[in-house]
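Structure first, then comments.
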Amino acid sequence: MSYSSILYICIFLPAVMMVYGIMPQRHRWKILLAASYLFFYMLSGKLLIYLILSTFSIHHMGLWLSSCKRDFELQKKLIPQEERNALKDAYTKKRRKILLFAVVIHVGMLLFLKYFNFFGANVNHVLELFSVPVQIPQLKLAVPLGISFYTLQAVSYITDIYQGKMEADDNLGRLAIYMSFFPIIMEGPICRYSQTAPALYEGNPLTYRGVTFGYQRIIWGLFKKLVIADRLNPLVKTIFDNHQDYGGIVIIAGAVLYTFQLYADFSGCIDITIGTGEIFGVKVPENFRQPFFSRTASEFWRRWHITLGAWFKDYIFYPISLTHFVKNLGKKTKNRFGRHAGQVVTSAFALFGVWFCNGLWHGTGWNYIFFGLYYFVLIMLGNIFEPWIQNTADRLHINRKSGWYVGFQRVKLLIIVFTGELFFRADGLKTGLDMFRSIFTEFDLSALTDGSLLSLGISQADYLAVLGGFLAVLTVGIIHEKGISIRERASQWGIVRRWSFYYGAVLIVVIFGAYGPGYRAVDLIYAGF
């Protein structure tokens with residue numbers, strides 16, 4: 001059952017809303033928890049046990065950390081002032097060990113289930129090169145859906161307790177619903193405890209505004225998913241599965257259209273997630289902010305998968321950049337080569353950790369690691385040459401905010417993104433390199449006119465529907481970039497105009513969406529990461 005299925009939209013979600021609405025407020029969180037566990041069980045069966053065990057363990061670890069903090073505060077009052085620093089150091093080491101234990105347990109489980117066979121296979125290749133008669137077995141491991149998302153939420157919860165940003169919650173139910181809330185469990189966004197747990201547990205009543213605004217967002221998500229992403233799927237699959245049969249122009253089309261498919265699929269799913277949260281009075285964090293209007297790779301990733309980027313910044317970038325080794329190295333570099341060089345060296349270590357983990361988080365393949373390091377190199381090059389670029393622009397009297405320069409940056413950024421997504425979607429790094437090479441060695445513009453693009457699994461009508469969907473998303477993006485909320489504007493219209501708009505949106509999805517005979521249900525792309 002995916003978020004775009006009739007089962008979810010027309011049966012599961014309305015049933016949860018109905019039971020939730022008639023229950024007393026103090027019991028509503030239980031309905032959401034039961035619905036979340038049912039939803040997870042329908043997707044992953046008995047693998048639900050991993051989510052339950054993760055919730056119990058992180059709850060216990062959090063209480064252990066808080067208990068350790070309380071013990072320190074109590075003991076501190078019973079000893080002389082001169083002994084308190086030693087006591088603080090002892091308790092800090094103990095709390096650090098608890099944090100490390102919790103992170104190792106949860107991240108270790110993720111690494112084992114998701115990456116054991118990948119790393120094992122690569123170690124076996126190395127052993128074969130040196131004729132070592134030892135092989136790491138390939139295990140049949142079942143990976144729970146959503147484990148990458150709820151593991152990061154568990155790590156953020158325990159880390160925030162350790163850092164003193166929040167107190168451990170002694171209410172296991174509140175933590176359980178935070179870890180498992182059904183709209184979030186498959187594709188995120190990655191929420192912080194303070195963002196969703198209180199509202200989920202509070203049991204806010206269903207309101208007219210919440211339900212109507214929630215379903216507006218859901219319909220918009222369905223539009224992206226069914227009209228754009230699912231219609232493009234046959235074409236993208238045909239190109240990437242049979243890349244050796246096509247020349248460079250078709251490969252470029254595949255990379256570009258896959259990028260749009262991925263955005264429509266992932267952001268559409270997030271729209272459905274946020275809309276579902278709105279229905280129950282829960283503000284789920286935004287995960288996209290018109291990323292294709294960006295000018296640089298760094299800006300793009302501040303607008304794309306926002307919650308993952310924020311998680312990496314808080315729990316990988318800052319911890320690495322604040323280590324004793326990195327701080328000292330940055331200071332020495334600054335003293336010898338200047339402030340900019342010191343900043344570049346400091347950020348290089350932290351950014352490498354971020355982008356290596358970003359690539360690895362997305363999947364088990366060298367193409368994913370290459371994808372992460374690809375952005376690491378590009379962002380580092382941007383950081384290194386930024387002063388030189390600014391000085392050159394000043395000498396040539398180039399206004400970097402002028403229309404033509406911004407346009408140049410956006411076109412350059414699109415080429416970077418399309419290239420990255422080519423490797424991201426390719427079936428392995430070697431395949432990605434072969435496809436990239438063919439762009440230059442087998443480039444032939446005749447594919448644009450000889451009908452080749454109409455033999456890739458979708459019809460002319462599909463192209464027109466996708467084009468219309470793309471223009472709609474582009475138009476809405478431009479409006480949002482100007483700070484205008486279409487939903488707020490629509491809510492102020494008269495009842496006839498407003499509801500005509502709502503029903504018209506539903507009809508567009510029904511008429512132009514990809515479903516029914518001839519179409520196979522397309523899994524949510526990010527659910528596999």
Side-chain angles (χ1 to χ4, degrees), residues 54 58 61-62 65 95-115 118-119 146-166 187-195 285 287 296-330 342-366 368-383 420 424 526 529:
S54 180
I58 207 68
M61 302 293 179
L65 273 177
R95 296 181 75 247
R96 190 177 294 126
K97 289 178 181 178
I98 296 171
L99 173 66
L100 181 62
F101 180 60
V103 171
V104 168
I105 288 292
H106 289 82
V107 176
M109 183 60 68
L110 171 64
L111 292 175
F112 175 72
L113 292 175
K114 196 171 178 181
Y115 301 101
F118 169 67
F119 287 121
I147 187 172
S148 296
F149 291 95
Y150 70 70
T151 297
L152 295 193
Q153 294 198 161
V155 171
S156 73
Y157 171 78
I158 196 70
T159 305
D160 286 351
I161 295 172
Y162 171 79
Q163 294 176 344
K165 296 178 181 178
M166 57 176 285
E187 291 200 334
I190 301 163
C191 303
R192 307 299 171 88
Y193 191 75
S194 59
Q195 291 175 319
N287 214 29
T296 65
S298 295
E299 183 187 357
F300 177 83
W301 280 95
R302 290 194 296 270
R303 291 168 170 250
W304 174 289
H305 210 340
I306 296 169
T307 57
L308 179 66
W311 194 97
F312 281 133
K313 181 180 72 174
D314 289 346
Y315 303 109
I316 294 181
F317 182 88
Y318 287 142
I320 292 176
S321 61
L322 294 176
T323 59
H324 184 72
F325 170 78
V326 172
K327 287 171 67 177
N328 279 348
L329 183 60
Q343 291 175 338
V344 167
V345 168
T346 300
S347 64
F349 283 90
L351 284 174
F352 180 84
V354 166
W355 287 106
F356 179 82
C357 291
N358 185 301
L360 191 63
W361 183 86
H362 278 95
T364 55
W366 285 107
Y368 295 113
I369 295 175
F370 175 87
F371 174 79
L373 297 183
Y374 167 79
Y375 275 103
F376 164 72
V377 171
L378 290 173
I379 291 172
M380 282 305 304
L381 289 174
N383 292 343
F424 188 84
Y526 254 76
F529 298 140

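Since the model is a prediction, treat every value here as computed from it, not as a measurement. Side chains are part of it too, since the values below use all heavy atoms of this structure and drop only hydrogens, waters and symmetry mates.
Taking F352 as the reference, F356, L373, F376 meet the side-chain contact (heavy atoms from CB on, under 4.5 Å) condition, with sequence neighbours excluded. Annotation: side-chain contact (heavy atoms from CB on, under 4.5 Å) contacts of S298 (sequence neighbours excluded): T296, R302, I379. Checked against side-chain contact (heavy atoms from CB on, under 4.5 Å), L378 has the following partners two or more places apart in sequence or in another chain: Y374, I416. Shown here are the side-chain contact (heavy atoms from CB on, under 4.5 Å) partners of A348, two or more places apart in sequence or in another chain: M380. Partners of F112 according to the ring-ring contact (aromatic ring centres under 6.0 Å, His included) rule, which considers only residues two or more places apart in sequence or in another chain, are F116. Applying the salt bridge (Lys or Arg N to Asp or Glu O under 4.0 Å) test to R95 and every residue at least two apart in sequence or in another chain returns nothing.
Under the 4.5 Å side-chain criterion, counting only non-hydrogen atoms from C-beta, I161 is not in contact with Y193. Residues F312 and W301 have side chains not in contact (no heavy-atom distance under 4.5 Å, counting atoms from C-beta outward). Looking at R192 and D314, their side chains come closer than 4.5 Å, going by heavy atoms from C-beta outward. Put simply, the side chain of Y162 does not reach to within 4.5 Å of the side chain of L100, judged on heavy atoms. T346 places none of its side-chain heavy atoms less than 4.5 Å from the side chain of K327. Side-chain contact between S347 and N383: present, with at least one pair of heavy atoms (C-beta onward) separated by less than 4.5 Å.
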| query | Does the side-chain contact (heavy atoms from CB on, under 4.5 Å) test come out yes or no for T364 and K114, once each step is laid out? | reply | CA-CA 7 Å; T364 55; K114 196 171 178 181; 4.3 Å; yes
| query | Stepwise, does the side-chain contact (heavy atoms from CB on, under 4.5 Å) test hold for Y157 with I58? | reply | CA-CA 8 Å; Y157 171 78; I58 207 68; 3.9 Å; yes
| field | Full working for side-chain contact (heavy atoms from CB on, under 4.5 Å) between L308 and L152 | value | CA-CA 9 Å; L308 179 66; L152 295 193; 3.8 Å; yes
| task | Dump the intermediate steps for side-chain contact (heavy atoms from CB on, under 4.5 Å) on W311 and I316, then the final yes or no. | result | CA-CA 8 Å; W311 194 97; I316 294 181; 4.1 Å; yes
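Using the six-membered ring where Trp is involved, W304 and F300 have ring planes that are parallel, under 30° apart on the 30 and 60° scheme. Using a 30° and 60° split on the angle between ring planes, H362 and F371 fall in the perpendicular class, above 60°.
Taking all atoms of both residues into account, the shortest heavy-atom contact from Y315 to S156 is OH-CB, 3.4 Å. Considering all non-hydrogen atoms of both residues, Y526 and E187 come closest at N-OE2, 2.8 Å. Here the closest non-hydrogen pair linking Q195 and I190 is OE1-O, 4.4 Å. Among all heavy-atom pairs drawn from H106 and A102, the shortest one is ND1-O, 2.9 Å.
The ring pair (Phe, Tyr, Trp, His ring centres under 6.0 Å) test with F349 is passed by exactly one of F317, F325, W355: F325.
In this structure, the side chain of Y150 does not engage the main chain of S54 through any donor-acceptor pair within 3.5 Å. Of the possible donor and acceptor atoms, one in the side chain of N287 sits under 3.5 Å from a partner among the backbone N and O of T307. T151 contributes no side-chain N or O that, together with a main-chain N or O of S148, makes up a donor-acceptor pair within less than 3.5 Å.
Side-chain rings of Y115 and W361 stay apart, their centers remaining 6.0 Å or farther from each other.
No more than 12 heavy atoms of other residues, nucleotides or ligands sit less than 6.0 Å from atom NZ of K97.
In this structure, CD1 in I158 is found 11.0 Å from CZ in F101, a value given to the nearest 0.5 Å. Distance check, rounded to the nearest 0.5 Å: CG of N358 to CG of L351 gives 11.0 Å. Rounded to the nearest 0.5 Å, atoms OG1 (T159) and CG (L99) are 5.0 Å apart.
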